[in-house]
Amino acid sequence: MTENNPEVIEKSDKIEIRRGKRDKFREIGIDPYPPRFEKTFSCSKARESVSETEPHEHVAVAGRIRSIREHGKSTFATIEDESGKVQIYFRKNDLTEKYDYIKFLDIGDFIGVKGYTFRTRMGEPTVHAEDFEILSKSLQPLPSEWYGLENKEIRYRKRYLDLISNPEVREVFKKRAVIVSSIRQFLIERGFMEVETPMMQALAGGAAAKPFMTHHNALDIDLYLRIAPELYLKRLIVGGFEKVFELNRNFRNEGMDRNHNPEFTMLEIYQAYADYNSMMDLTEELVRYAAEKANAYRVPLEARASAPVPLSKNDNELPLEARAPSHMLDKHFMEVISDDKSSSLKLDGPWQRIPFFEAIRLGGGPDLKPGDAAKAEAAVKECGIETESREYADHLDSLFERFAEPHLAGPVFITDYPTALSPLAKRKPGEPELVERFEAYVRGMEIANAFSELNDPDDQEARFRAQSDRIDEDYVSALRAGMPPAGGLGIGIDRLVMILTGAHSIRDVILFPTMRPDSKSD
RNA sequence: GGGGCGGUAACUCAAUGGUAGAGUCCUGGCCUUUUAAGCCAGUUGUUGAGGGUUCGAGCCCCUCCCGCCUCACCA
């Protein structure tokens, strides 16, 4: 990309012009990068302090210049800090010779302003400058304030420019921070303890994804970045902790698309003496709590290629049509959340619960009996689903994807998964082909996965062996020490944030999504 | 990895195979309550990279790079 090439940017005349202005400051003895400025008011507080009745408030504000409007022997500028924007009014009469320095300022510079607040004829709250100083000279011109920055590649690669230009992006990440901290608060209030388990593991277990590999020089061993913390967290349940959680990064060396980033944030929760039913209640409560805190109690449903259809006739809970914006950058996004409740997604109230095989059947798929591998394979062929796999688990997976997933606008719990798909979950009493497990779906996207944890060490070992040669012997050994019955729950935090912010792509809720390095800037 | 679409000025975008443009930005001038301020004048390019066809390529062909969408893969 030409515009990404530092060589080209360095040669830009616009940058040289700004360097010239910076040098002007130095020539008159002003440091264009001074060490500090004492600000007494945020921009929004300064705006609020304008009063029709009280005397003028004296303020010291600071921020980035977003626009400058010269007006003869006076100048208006708008500066912005994290709290918002405020207008500054400079008058030659008040600033005398210092007024001339204004011509060395550019959009993007940080300035500090001391003055008093008033309201202009047009009613704009404004700081009348009595003194000002440059706080940081900006050399690189910012993207146009009017058109903004729309080039997605630059937005992801240079997120700082995206954050400067697109206020709605700042809101998404503020909301993400609220969601994450509210989840911690929710769990800690309920007696859960936050723990940290290894990110670098000799054996990447707890899920079936391909791991990233790295090498430890001193030990001369290969290590894997974890694909899940699951097996370590359950070791802690063995160790006697009864309510633990970990909210941190996982790494999976697989394809990337709008729902997958190689590193992503996962919440895993384990509770002794609980089961998957209690985890369902916990999921509902936790998501409801986070949505409330993030002011996203009702959120827009993404427009889908085919409108979701109800899974049962008496289901009046699910919105059948999707009218909401399909992209987080839709200018009316905020209004849609607050004003147009009819097209929103209900996260409150009990979520629908549908057993796995029932969901396939209700979606127009075959009526399968758990464990009937032959019938599942026949159904896959009959439906023309292309798959190279001969595995029962894969067949069930594709049937579910084909018939059930498209209808899961949600929120909905799919329960009672086939044992073949769930090597770490406890079997249902009396139904060995099913396990006590659920996944939560919203917008056709899996956001949670939970089960009654398998704590029978011999059954666990057998199910590991059926799947792979390299198994986590130490984990099985931990189970032999005895693990109380426990419920476990995993929630994909990025996906939850997508749902609560209406984001279309996981890259829109990750500050610095994984990108191929820009070859031109090497 | 397959398929589709795209990459042109700092930003947002135009341009039948025939002199690379507009608006914003930027530079200079006027204007002491403007706010997408206004008025006047002016500057801005390795058209993602490389090769080919052609008298002539932003446009057609080939290779490559990057992004987006989609399919495949993915407990």
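Values reported hereafter were calculated over all heavy atoms of this structure, with side chains retained and with hydrogens, waters and symmetry mates removed. By convention in this document, chain letters (A, B, ...) are assigned in the order of the sequence lines, proteins followed by strands, and residues within each chain are numbered from 1.
Contact annotation for A:Glu254: backbone-only contact, meaning every heavy-atom pair under 4.0 Å involves sugar-phosphate atoms and none involves a base. Residue A:Ala208 is in base contact, counting any heavy-atom pair closer than 4.0 Å across all strands shown. Note on A:Lys21: only backbone sugar-phosphate atoms sit closer than 4.0 angstrom, heavy atoms only; bases stay farther off. A:Arg437 comes within contact range of the sugar-phosphate backbone alone, with a heavy-atom separation under 4.0 Å but no base atom that close. In this structure, A:Glu70 reaches the bases: a heavy-atom distance under 4.0 Å links it to at least one base atom across the strands shown. Residue contacts for A:Phe118: at a heavy-atom cut-off of 4.0 Å it reaches a base atom on one of the strands shown.
Each of A:Asp397 and A:Phe76 was matched to the nucleotide of RNA chain B holding its nearest heavy atom; the match closer to the 5' end belongs to A:Phe76. Map A:Thr78 and A:Lys103 each onto its nearest nucleotide of RNA chain B; the residue landing nearer the 5' end is A:Lys103.
Residue A:Arg69 places at least one side-chain N or O closer than 4.0 Å to OP1 or OP2 of B:rA37. Using a 4.0 Å cut-off, some side-chain N or O of A:Lys73 falls inside it from OP1 or OP2 of B:rC31. Checking the phosphate oxygens (OP1, OP2) of B:rC68, a side-chain nitrogen or oxygen of A:Arg507 falls inside 4.0 Å. Taking 4.0 angstrom as the limit, A:Arg157 places a side-chain polar atom (N or O) nearer than this to OP1 or OP2 of B:rG67.
Under 3.5 Å, the side chain of A:Lys14 and the base of B:rC25 form at least one donor-acceptor pair of N or O atoms. Between the base of B:rU34 and the side chain of A:Thr120 there is a donor-acceptor pair shorter than 3.5 Å.
The existence of a salt bridge linking A:Lys24 and A:Asp100 is excluded, since no basic side-chain nitrogen approaches an acidic carboxylate oxygen closer than 4.0 Å. A salt bridge between A:Asp94 and A:Arg91 is present, with a side-chain N of the basic residue lying under 4.0 Å from a carboxylate O of the acidic one. Taking a cutoff of 4.0 Å between a charged side-chain nitrogen and a carboxylate oxygen, A:Lys158 and A:Asp162 do not qualify as a salt bridge.
For the C1' atoms, the distance from B:rG28 to B:rA20 is 26 Å, rounded to whole Å. A gap of 14 Å separates the C1' atoms of B:rC13 and B:rC25, to the nearest Å.
The residue from A:Arg427, A:Lys428, A:Lys426 that alone fulfils the salt bridge (charged side-chain N to carboxylate O under 4.0 Å, His left out) condition with A:Asp416 is A:Lys428.
Remark: A:Lys137 is not positioned above the aromatic ring of A:Phe25, lacking an NZ or CZ atom under 6.0 angstrom from the ring centre and at most 45 degrees off the axis.
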